[in-house]
Amino acid sequence: MSTRITAGYLTLMAVLGVSVFAAPGWAAVTWAAVGLTSVCAVVVGVRRYAPRARAPWWLLAGAILAMAAGDTIFGAAVRRPGDPSPVMVDVCYLSMLPLVLAGLIQLTRTSVVLRDRTRLLDLLTFTCAAALVLWIVVLGPGIRANGLDGLDKSVLAAYMVGDLLLLTVSMRLMVAARRSSAVALLAVGVWGVVAADSAYWIADLSGGWQPGGPGELGYLLFYVCWGAAALRPSMVRLTMPAQAGPARLPHWWIAVMWLSLTVPAGALFVESVAGPPRNGLVIAVATIIMAALVLTRLSDAITKHRRSLARERGLREACGPLMVATGQAGVAAAIRAAIDGLAPSGAPHRVVFDPGDGAVPAGDGEGRRPSDRYPVPAPAPDRRSRLAPTRTLHPDLRGRLGGFETTLVCPLTVDLPTAGGGALFVAADDEVLGAMRDSVEVLAAQAALALERIALTDAANRHDSDRYVRTVVQNTADVVVVLDDERIRYASPSLATVLGIELPAFGAFGDLIRPEDREQVVRTLERARRSRADEGARDCWSLRRPDGTRVLVEVSCRDLRADRMVRGIVVTMRDVTAQRGQERELIRQALLDSPAGFNRRSSTSKYR
């Protein structure tokens, strides 16, 4: 369906494009149809694909509409080269520039998590220097040679600065946004407008613009490409958060910035040596603008440094509770407190902490872990964090993360053999996540190390506890079994003697019991799991041995999985077969020695 819509749109635009060159007299109608078709394509694309942020695309549609209005008025008023252009044409064209700039800048702001405005300020500084050079070398001499009045000079300068800004923002879009067909089409459209405007300047300074000439191809390319960009499915990804790489400036770019800053002083020096300066006012304005950009960049650098110090201080304060935490609930509380401290003042956010191995998450008072109710995304192969749309997560997880559109997912993984598969989820606005992302990644790594330390400590404690139990009960007649749910973690040697079997390695307790006896065993274990650890469950089992004989055992089951020293179900069994046999014999003998037994024996001997 998408392919058919795009093919129909391109076919219609091809017919209208041919009309632009074949029938210049109908330029007003043709350009109006071209502009409306492109706007309709943007509307259809936004309605069909429903991007995360629609405002940038509506701004681009408004820019296309303003451009189409200017072309329509120009086509109706200018019939021959040299005809004056109405003022409304310049108003429409110049009103298009802020709409395009706002739309493209919003696309680059939402398509990546910008760590600062360094690149944008650098691009604006370079644009200002390039505009100054272009004015001194090309436009200034051409304008003075043609004797244009002040208004014409101002309009021409506005077009020139606007086109340079369009080129700058398109370069920023290509660098910042994901590589896709929509990005390429938007960039080609901008370049087409800039090329057509350059052709218009040259034609206007040399005799007038010729309607239906080759220069119209750039404007037609703008309409076609921007409408086609909105019809591409990749237009959705332009407003989705993306992974932000480290903000590193190459050495050549730093050299370009230094060269740009020397342009105003160099231009003033060259003009002063050649004679009286002709472009002093332009050089002064460019110097003021570039100075403001440099001061803004310096202020941003100072603010960034202060935030870095605050993040480091917050991370140091968070590492203390993580180092002394003795349980996973303590780690979750420390992580939540650290993120609350790192978040900008008053910024709303939600945190879900899932260690992925049975821990109690932060804020869950029912003792349930998130993975019991929704699947936790598996860590990426590169173990890096990622920004995920909240709507793509499990419904239960979405409910706990609030109504935020974006969630930062940090896997709790470390380079250790027992690393788990949990994750730390932080939901907030894009700008908040961009400011906190580095700190949250460090916290997730520290939490993973703390969980690993706790797990290794518990494992060592369990090993020592098992060794202690093994030493104590090694030669006792009572049977002691420690279960990890169903698997036997430890069993005393007397189990083989009581049940008359060979103990399998890493076997399940249910495999040692005959099928007809499993019901009583399962019933007792379930009662033990539901009982308190200090009470447990007691029962008497009658178990069949492999040789067919029965053994009667008294059983005591205690659920000590919450005990850090045990972490399992302890089953204690005592063979009471002989004891119960002696008790039955004593009861039988007592009955025989009683008066009733004596009378029964007398009656039996009388009738023999």
Side-chain angles (χ1 to χ4, degrees), residues 90 94 97-98 101 105 116-172 174-175 190-191 193-206 247-305:
D90 295 328
L94 293 178
L97 293 176
L101 294 175
I105 289 176
D116 50 36
R117 297 176 296 182
T118 300
R119 292 293 179 87
L120 177 60
L121 294 174
D122 289 346
L123 286 173
L124 291 177
T125 303
F126 175 77
T127 301
C128 189
L132 179 59
V133 172
L134 183 62
W135 177 271
I136 294 175
V137 176
V138 179
L139 293 180
I143 291 174
R144 286 190 292 269
N146 286 272
L148 299 178
D149 56 13
L151 180 61
D152 291 337
K153 292 180 180 179
S154 301
V155 171
L156 193 57
Y159 281 131
M160 179 197 67
V161 174
D163 286 341
L164 286 175
L165 289 175
L166 286 179
L167 283 176
T168 301
V169 175
S170 66
M171 290 171 57
R172 185 171 186 256
M174 293 292 292
V175 172
V190 170
W191 299 339
V193 168
V194 173
D197 284 346
S198 301
Y200 178 81
W201 298 341
I202 296 173
D204 195 39
L205 292 175
S206 61
R248 297 176 181 174
L249 295 177
H251 296 293
W252 63 267
W253 183 251
I254 298 176
V256 170
M257 289 300 99
W258 277 104
L259 183 61
S260 300
L261 293 175
T262 60
V263 167
L268 185 60
F269 176 77
V270 172
E271 287 198 352
S272 299
V273 172
R278 296 185 176 183
N279 300 287
L281 180 61
V282 177
I283 294 174
V285 172
T287 303
I288 294 174
I289 295 175
M290 295 174 70
L293 293 173
V294 171
L295 290 177
T296 303
R297 195 182 191 282
L298 180 61
S299 175
D300 288 349
I302 296 174
T303 303
K304 183 180 179 181
H305 180 66

In this structure, CG of Asp163 is separated from CG of Asp197 (nearest 0.5 Å) by 4.0 Å
Checking Val263, Ile289, Leu293 against Thr125 for side chain to side chain contact (heavy atoms under 4.5 Å, CB included), the one that qualifies is Leu293
Closest contact, heavy atoms only, Ile283 versus Pro264: CG2-O, 3.7 Å
Looking only at heavy atoms, the pair that brings Leu132 and Ala286 closest together is CD2-CB, 4.0 Å
Would you compute the distance between atom CE of Met290 and atom CE of Met257 and round it to the nearest 0.5 angstrom? 8.0 Å
For a side chain to side chain contact (heavy atoms under 4.5 Å, CB included) check, start with the C-alpha distance between Leu259 and Thr262, then their side-chain angles and the critical distance, and finish with the verdict. CA-CA 5 Å; Leu259 183 61; Thr262 60; 3.9 Å; yes
Okay, side chain of Thr296, backbone of Ala292: is any donor-acceptor separation there less than 3.5 Å? yes
Side-chain contact, heavy-atom cut-off 4.5 Å: Leu124 with Cys128? no
For residues Arg278 and Glu271, report the shortest heavy-atom separation together with the two atoms involved. N-OE1, 3.1 Å
Inter-residue atom distance Leu268.CG - Ile136.CD1, 0.5 Å rounding: 9.0 Å
